[in-house]
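Report on the following structure.
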Amino acid sequence: EPGSLRLSEERIVRQFTARTTGLDWGSPQFIYVNLQAAHFPYSHPTMPLLTVNQPIQRSEINKENQAHLEATYWNAITVADQAVGAMLKRLMTLGVLNNTIVVIVSDHGESLFDDGFLGHGHALNEIQTRIPLIIDQPGIEMHHAIGLVDIAELLVRLATGRYEDSEFRDLNQPQLQYVG
């Protein structure tokens with residue numbers, strides 16, 4: 001939308017490349033990237049069409065066009081995945097990927113009319129709350145739900161070599177979930 005903070009994945013990768021140039025990789029670095037491809041309306045005019053011929057038009061997003069909406073959404077996911085790949089390739093080119101902890105996490109799920117709604121933040125269900133947590137470290141396994149609030153502690157422990165698998169095995173650990 002006009003005035004939105006929505007940035008294309010191409011621009012994010014370009015900025016990632018520019019900002020990783022000249023960094024002192026001998027010192028710890030923290031880089032946070034927020035990809036927005038999978039947010040409503042799930043496409044933008046310059047988004048590559050990797051898995052669809054034509055994204056759904058915003059005015060056509062409704063339950064009757066769910067299949068086209070889902071195809072558009074999965075194209076957005078593919079575009080985001082491609083951006084992650086480009087950033088990983090950049091770290092590899094810089095020779096720092098093997099000394100880098102990469103964590104990929106989503107902030108929420110997205111309902112595409114599969115539960116009768118479009119969007120997120122309206123329900124505490126599998127679609128809304130079961131999201132990916134990918135960590136590129138061997139031997140790291142999460143045995144229960146991890147809250148976004150726990151990610152910072154997990155990152156610090158991984159980065160400082162103080163990760164203890166036993167601390168992340170409590171299957172009864174409660175998680176705060178809020179629908180606002």
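Scope of the values below: all heavy atoms of this structure, side chains included, with no hydrogens, waters or symmetry mates.
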For [X] against [Y], the heavy-atom pair lying closest together:
X    : Y    : result
A71  : T51  : O-OG1, 4.2 Å
Q137 : I101 : NE2-CG1, 3.8 Å
T72  : P41  : CG2-O, 4.5 Å
L49  : P55  : CD2-CD, 3.5 Å
I131 : G109 : CG2-N, 3.5 Å

(request) Could you list the residues that satisfy ring pair (Phe, Tyr, Trp, His ring centres under 6.0 Å) with F16, not counting sequence neighbours? (result)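 Once residues adjacent in sequence are excluded, F16 has no partner under the ring pair (Phe, Tyr, Trp, His ring centres under 6.0 Å) criterion.
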
What distance do [X] atom [atom1] and [Y] atom [atom2] have between them, rounded to the nearest 0.5 Å?
X    : Y    : atom1 : atom2 : value
I31  : L23  : CD1   : CG    : 5.5 Å
I104 : M87  : CD1   : CE    : 8.0 Å
E9   : I12  : CD    : CD1   : 5.5 Å
H120 : S106 : NE2   : OG    : 9.5 Å
Q57  : L69  : CD    : CG    : 12.5 Å
L118 : Q66  : CG    : CD    : 9.5 Å

(request) Indicate, with yes or no, if the rings of H39 and H44 have centres closer together than 6.0 Å. (result) no

(request) May I ask you to check whether F30 and Y32 place their ring centres under 6.0 Å from each other? (result)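 Between F30 and Y32, which both carry aromatic rings, the centre distance is not below 6.0 Å.
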
(message) What verdict does the side-chain contact (heavy atoms from CB on, under 4.5 Å) test give for V103 and L133, after you've listed the backbone C-alpha separation in whole Å, the side-chain angles of each residue and the deciding distance to 0.1 Å?
(response) CA-CA 7 Å; V103 176; L133 172 60; 3.9 Å; yes

(message) Looking only at side-chain N and O atoms, does Q36 offer a donor or acceptor that is under 3.5 Å from a partner on N34?
(response) yes

(request) Taking atom types as modelled, find out whether E10 and T46 have a side-chain donor-acceptor pair closer than 3.5 angstrom. (result) no

Taking C-beta and beyond as the side chain, do [X] and [Y] meet within less than 4.5 Å on heavy atoms?
X    : Y    : value
V84  : L35  : yes
W74  : V52  : no
R162 : V156 : yes
F113 : E70  : no
L88  : D136 : no
F40  : I61  : yes
V105 : I134 : no

Checking [X] side chain against [Y] main chain: does a donor-acceptor pair fall under 3.5 Å?
X    : Y    : value
N75  : P48  : yes
T100 : V102 : no
H68  : Q54  : yes
N62  : N65  : yes

(message) Counting neighbours of CZ on R11 that are heavy atoms of other residues, nucleotides or ligands and sit closer than 6.0 Å, is the number greater than 12?
(response)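 Open.
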
(message) Does atom CZ (R19) have a neighbourhood of more than 12 heavy atoms from anything else shown, all under 6.0 Å?
(response)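 Not buried by this count: 12 neighbours or fewer within 6.0 Å.
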
(message) Same cluster or not: I56 versus I77, using hydrophobic residues (I, L, V, M, F, W, Y) connected whenever any side-chain heavy atoms lie under 4.5 Å apart?
(response)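 Shared cluster, yes.
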
(request) May I have all residue pairs that pass side-chain hydrogen bond (donor to acceptor under 3.5 Å, both in side chains) and include part of residues 80-96, sequence neighbours excluded? (result)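 Those involving residues 80-96 are T20-R90, T21-R90.
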
(request) Please test Y42 against M47 for side-chain contact (heavy atoms from CB on, under 4.5 Å), starting from the C-alpha separation and ending with a verdict. (result) CA-CA 9 Å; Y42 317 110; M47 182 177 278; over 6 Å; no

(request) Tell me, with the steps shown, if Y163 and I135 meet side-chain contact (heavy atoms from CB on, under 4.5 Å). (result) CA-CA 13 Å; Y163 172 79; I135 304 170; over 6 Å; no

(message) Using side-chain contact (heavy atoms from CB on, under 4.5 Å), reason through Q128 and S111 one step at a time and then give a plain yes or no.
(response) CA-CA 7 Å; Q128 298 292 305; S111 293; 2.6 Å; yes

(message) Strictly by salt bridge (Lys or Arg N to Asp or Glu O under 4.0 Å), give each pair with a member in residues 108-119 just once, sequence neighbours left out.
(response)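 Salt bridge (Lys or Arg N to Asp or Glu O under 4.0 Å) check on residues 108-119 returns no pairs.
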
(request) Could you go through the side-chain hydrogen bond (donor to acceptor under 3.5 Å, both in side chains) check for D24 and S27 one step at a time? (result) CA-CA 6 Å; D24 176 8; S27 298; 3.0 Å; yes

